Amino acid sequence: MYALISRAGDPTPRLEELPAQQLGGDDIRVEVAAAGFTLFDAFVASDHAAIGLPDVIGLGFDFSGVVTEVGEAVSGFAVGDRVAGLHGDPAAGARAHATEIVLAAADAAAVPDGLTLEAAAAAPLNALTARQALDLLGPERGSLLVTGAAGGVGLWALGLAKADGWTVDALVRPGTEHLATGADRAVTEIEPHAHDAVLDLAALNEPARAGVRDGGRYISVKPGRAPAPERGIEVSTALNHPDGAVLADLLRFAADGSVPTRIAATRPLSKAAEAYQEALAAPGSDGRWLLVP
């Protein structure tokens, strides 16, 4: 197998040939068809120490592909199944930016008919982050402001929040209001104390918290960066994690078009180093990138 490997001190990841990974009883082996790529992937590769990673790591969070082998304890998948999933361990030696991946069957989901493997690869990280952040808001509904709403996680948050029963305002940059697909209203400024809850995907922190009413709820997706509580506001931080059962439901949203899929570019895995450098040079580029073997 070939995998994209990052070594501390070298800002350019390299495609390296590795022995096939061992398959555990609860695991599946997947021939990767496409793997999602984000600016965070490039950040991880450029600075291991910033988030406490080993000197040598594999790269890539989400992927899609075809099952080629199943562990002896696996009953939910068979060879030939189309699947997608999230590799949640950034310290692993080989991950989704590879020709094949081994992961727990519980972390994967079947790709529904009507959804391409390319579109499926663009979903897991964004969709699970949005779903798990919204779940922190609890059962009450009301007015929700989503910051960073035009981004990949933001689009999922808008679609899922509407399906959950929220009235949703999308905070976007002026001129990008048309990108806030699914919101009740696109706004370019935060109205003070106007919302029951804020999902702060843009990490605006205190300015976003100011949009929450007294006693409301604020959700961050940046560990260690959430603002302190005030005015009785409940502050929480979402930490995404693999969940194949939840992902199966989310992929159906992608398949029926409830949440649009934006793929900005596709690059061959052999050209991954250039893709990483391009992402760092243009961090504001819109849409999800894919790497394909």
Side-chain angles (χ1 to χ4, degrees), residues 38-44 50-51 61 125-241 250 253 259-260 262 279 282-288:
T38 68
L39 182 61
F40 186 68
D41 291 300
F43 170 75
V44 168
I51 50 178
F61 286 89
L125 181 61
N126 289 341
L128 286 168
T129 298
R131 179 69 273 164
Q132 291 162 2
L134 289 168
D135 287 346
L136 293 178
L137 293 172
E140 296 181 11
R141 298 294 180 258
S143 172
L144 173 69
L145 175 68
V146 178
T147 75
V153 180
L155 288 175
W156 275 98
L158 296 180
L160 295 175
K162 284 297 298 178
D164 286 351
W166 290 93
T167 299
V168 185
D169 284 353
L171 182 70
V172 296
R173 297 188 304 272
T176 65
E177 291 88 347
H178 64 286
L179 298 177
T181 305
D184 292 289
R185 186 175 61 142
V187 299
T188 58
E189 295 182 353
I190 297 173
E191 182 180 354
H193 305 183
H195 295 87
D196 296 301
V198 168
L199 175 52
D200 189 14
L201 300 177
L204 301 180
N205 301 317
E206 285 79 6
R209 183 192 58 195
V212 184
R213 64 164 174 80
D214 292 357
R217 287 162 289 173
Y218 170 97
I219 305 296
S220 169
V221 294
K222 302 290 185 180
R225 294 179 58 182
E230 67 171 19
R231 297 186 286 110
I233 295 170
E234 180 182 336
V235 174
S236 304
T237 299
L239 300 174
N240 63 61
H241 56 272
L250 295 171
F253 274 86
V259 177
R262 292 188 194 146
S285 59
D286 181 49
R288 200 76 156 90

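All values reported here derive from a predicted model rather than from experimental measurement.
In this view, Pro192 satisfies the side chain to side chain contact (heavy atoms under 4.5 Å, CB included) rule with no residue, not counting sequence neighbours. Here Arg231 pairs with Asp214 under the salt bridge (charged side-chain N to carboxylate O under 4.0 Å, His left out) rule; sequence neighbours left out. When the salt bridge (charged side-chain N to carboxylate O under 4.0 Å, His left out) test is applied to Glu191, no partner is found at least two apart in sequence or on another chain. Judged as a side chain to side chain contact (heavy atoms under 4.5 Å, CB included), and not counting sequence neighbours, the contacts of Glu140 are Arg217. Applying the side chain to side chain contact (heavy atoms under 4.5 Å, CB included) rule to Ser236 yields the partners Leu136, Ile219, Glu234; only residues at least two apart in sequence or on another chain are considered. Not counting sequence neighbours, Asn205 has no partner by the side chain to side chain donor-acceptor pair (under 3.5 Å) test. Every residue two or more places apart in sequence or in another chain was checked for a side chain to side chain contact (heavy atoms under 4.5 Å, CB included) with Glu189, and none qualifies.
Of all heavy-atom pairs spanning Val198 and Ala208, the tightest one is CG2-O, 3.7 Å. In plain terms, the two heavy atoms of Asp169 and His195 that are nearest each other are OD2-NE2, 3.0 Å. Between Leu239 and Gln132, the shortest heavy-atom distance links the atoms O-OE1, 3.9 Å. Closest non-hydrogen pair, Leu199 versus Val221, comes out as CD1-CG1, 4.5 Å. Nearest heavy-atom pair, Lys162 versus Val168, reported as atom, atom and distance to 0.1 Å: CD-CG2, 3.7 Å. Contact between Leu134 and Ala157 at its shortest, heavy atoms only, is CD1-O, 3.8 Å.
Considering only heavy atoms from C-beta on, Leu158 stays 4.5 Å or farther from Thr181 through its side chain.
When the options Leu125, Asn126, Leu128 are evaluated for a side-chain contact (heavy atoms from CB on, under 4.5 Å) with Phe61, the one that passes is Leu125.
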With a cut-off of 3.5 Å and sequence neighbours excluded, list every side-chain donor-acceptor pair involving residues 141-152.
residue : atom : partner : partner atom : Å
Arg141  : NE   : Asp164  : O            : 2.8
Arg141  : NH1  : Gly138  : O            : 2.8
Arg141  : NH1  : Pro139  : O            : 3.4
Thr147  : OG1  : Asp200  : OD1          : 2.7
Thr147  : OG1  : Leu201  : N            : 3.0
Thr147  : OG1  : Ala202  : N            : 2.9

Give the intermediate values and the outcome of side-chain contact (heavy atoms from CB on, under 4.5 Å) for residues Asp196 and Thr167. CA-CA 10 Å; Asp196 296 301; Thr167 299; over 6 Å; no
